[in-house]
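Comments concern the structure below.
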Amino acid sequence: CTSIVAEDTTGKLYHARNLDFGLFLGWDIKNSSWTVTKELKPLMVSVDFQRNNKTVFKSSNLAGYVGMISGVKPGAFSLTLNERFSVDGGYIGLFEWIVGQRDGWWMSFLTRNVLENCTSYEDAKDRLVNSKLLAPAYFILGGMKSGEGCIITRSRSATLDIWPLDTKKGIWYLVETNYDRWKDPFVLDNRRDPAMKCLNQTMQENISLPTIYNVLSTKPVLNKLTVSTTLLEVSDGHIETYLRDCPDPCSPW
Amino acid sequence: SAKDPFSEECKIHEYPPSGPTYKGNVPKYIINLDLPPSERWVKLVTDKKAELKIMIFSLKGMLKALIHNKKYMAALENKLAWLGTTLPYPFDEEIKGIASAADIPLGDIVVFNIFYEIFTV
């Protein structure tokens with residue numbers, strides 16, 4: 001996955017993501033695509049969660065999946081979840097759950113709970129930083145006001161890093177793929193540098209959801225695993241999701 | 001430094017989405033949180049039942065390639081269904097409602113919902 005949070009020169013925040021999934025889950029030779037990636041596309045939906053006929057939050061989701069991977073709480077915050085791979089991975093949390101140690105959160109259930117119940121950027125950040133998890137993760141959080149954006153790097157038990165937007169120091173965007181920011185990405189899977197190059201070329205004064213869509217449409221940020229692109233904007237609770245394809249030549253991940 | 005063979009110049013006119021990288025919009029649904037959890041997803045899942053079955057059939061096919069023994073597969077499916085009963089409220093009830101509406105075994109819907117935890121290794 002690739003998630004981006006960016007702030008324009010007026011202090012308005014934008015959030016977007018490419019959902020990449022299905023690596024090594026079957027290769028469809030005829031269509032030159034990953035089997036599960038292809039089969040997830042018709043399951044993508046845009047969902048408006050309502051209580052008393054009023055929107056609580058909106059999300060881009062997979063039919064049959066009750067957790068959240070991308071969502072926006074209008075007037076409060078936006079949130080995306082990126083996978084973080086680790087030896088101390090979710091299978092250990094899963095094992096602990098099976099043997100009865102059930103004090104951690106299932107990842108996408110936590111993001112759903114945050115979108116449903118938290119009422120502000122700070123509230124959401126606090127919950128994402130301090131909850132015990134079953135699996136490591138990157139939480140990409142955006143807010144309403146200037147500077148309200150961060151990437152939270154989590155192990156199962158601790159917060160390893162909080163990387164905030166800071167326009168005074170020239171940090172007007174944050175990009176998260178599936179690697180810790182203090183480490184180089186895997187040499188065969190460098191989506192971070194191409195995304196940063198395109199954001200730098202775009203420049204802060206031109207940043208908007210359409211220009212971020214351009215960045216997320218550039219190979220290898222767009223690749224054979226990309227199921228969809230979701231654009232989020234907090235102030236009016238806007239969410240739009242598009243199914244994607246990556247015709248050859250295209251990176252397999 | 002070597003250039004990524006698949007990289008390209010930054011795109012600048014991709015929005016509004018069109019062309020070969022655009023596969024379409026996604027349908028919109030409302031989930032009513034005032035309904036009992038088991039009823040919330042019924043409309044959505046009924047509409048997407050066929051697509052959900054295709055995806056789960058693929059996943060099971062891959063799993064069967066690893067676990068040839070039918071007895072082990074049945075035991076695993078039972079275990080996953082049990083796992084579904086241990087999930088926190090309201091997620092457990094929502095998942096049961098989805099399995100029932102889609103007419104798919106509970107264990108299969110459980111495994112779809114815990115994909116994240118399984119794939120972070």
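A, B, ... follow the sequence lines: proteins, then strands. Residue 1 opens every chain.
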Greatest number of heavy atom pairs closer than 4.5 Å to chain A - which of B:I31, B:N25, B:N32, B:D47: B:I31
Under 4.5 Å from any heavy atom of chain B - which part of A:A195: neither
B:K60/B:D108 ion pair, N-O < 4.0 Å: yes
Residues in ring pair (Phe, Tyr, Trp, His ring centres under 6.0 Å) contact with B:W41, at least two apart in sequence or another chain: A:F49
Residue A:T35 versus chain B: region with a heavy atom under 4.5 Å: side chain
Interface moiety of A:C250 toward chain B, non-hydrogen atoms closer than 4.5 Å: backbone
Nearest non-hydrogen partners of A:L231 and A:A16, listed with the distance: CD2-CB, 3.7 Å
Interface moiety of A:N178 toward chain B, non-hydrogen atoms closer than 4.5 Å: neither
Contact class of B:L87 relative to chain A, heavy atoms under 4.5 angstrom: both
B:K23 atom NZ, neighbour heavy-atom count above 12 within 6.0 Å: no
Test of ring centre spacing under 6.0 Å for A:Y242 and A:Y213: yes
Non-hydrogen side-chain atoms of A:S228 and B:V26 separated by less than 4.5 Å: no
Residue part contacting chain A, namely of B:L44, when any heavy atom lies under 4.5 Å: side chain
From A:R192, A:R154, A:R84, residue fulfilling salt bridge (Lys or Arg N to Asp or Glu O under 4.0 Å) relative to A:D180: A:R84
Heavy-atom contact with chain B under 4.5 Å, split by part of A:L25: both
Residues in residues 11-18 of chain B near chain A [non-hydrogen atoms, under 4.5 Å]: B:K11, B:I12, B:H13, B:E14, B:Y15, B:P17
Electrostatic pair A:K197:A:D193 at N-O distance under 4.0 angstrom: no
Atom group of B:M62 that falls short of 4.5 Å from chain A, counting heavy atoms: side chain
Within residues 67-76 of chain B, residues adjacent to chain A where the heavy-atom gap is under 4.5 Å: none
Option among A:D189, A:N82, A:D184 that satisfies the side-chain contact (heavy atoms from CB on, under 4.5 Å) test with A:Y179: A:D189
A:L81, part contacting chain B, at a heavy-atom distance under 4.5 Å: side chain
A:D20 and its salt bridge (Lys or Arg N to Asp or Glu O under 4.0 Å) partner, picked from A:R191, A:K224, A:R244: A:R191
A:I239, part contacting chain B, at a heavy-atom distance under 4.5 Å: neither
Pair A:R17, A:S70: side-chain N/O donor-acceptor within cut-off below 3.5 Å: yes
Any A:S60 side-chain heavy atom under 4.5 Å of A:M44 side chain: yes
Interface moiety of A:V221 toward chain B, non-hydrogen atoms closer than 4.5 Å: neither
Inter-chain contacts: residues 93-107 of chain B against chain A, heavy atoms under 4.5 Å: B:E94, B:I95, B:I98
Under 4.5 Å from any heavy atom of chain B - which part of A:E83: both
Heavy-atom pairs under 4.5 Å with chain A, option from B:R40, B:E51, B:K49 with the top count: B:E51
Toward chain B, the part of A:R102 with a non-hydrogen atom under 4.5 Å: side chain
Part of A:L94 within contact of chain B (heavy atom distance under 4.5 Å): side chain
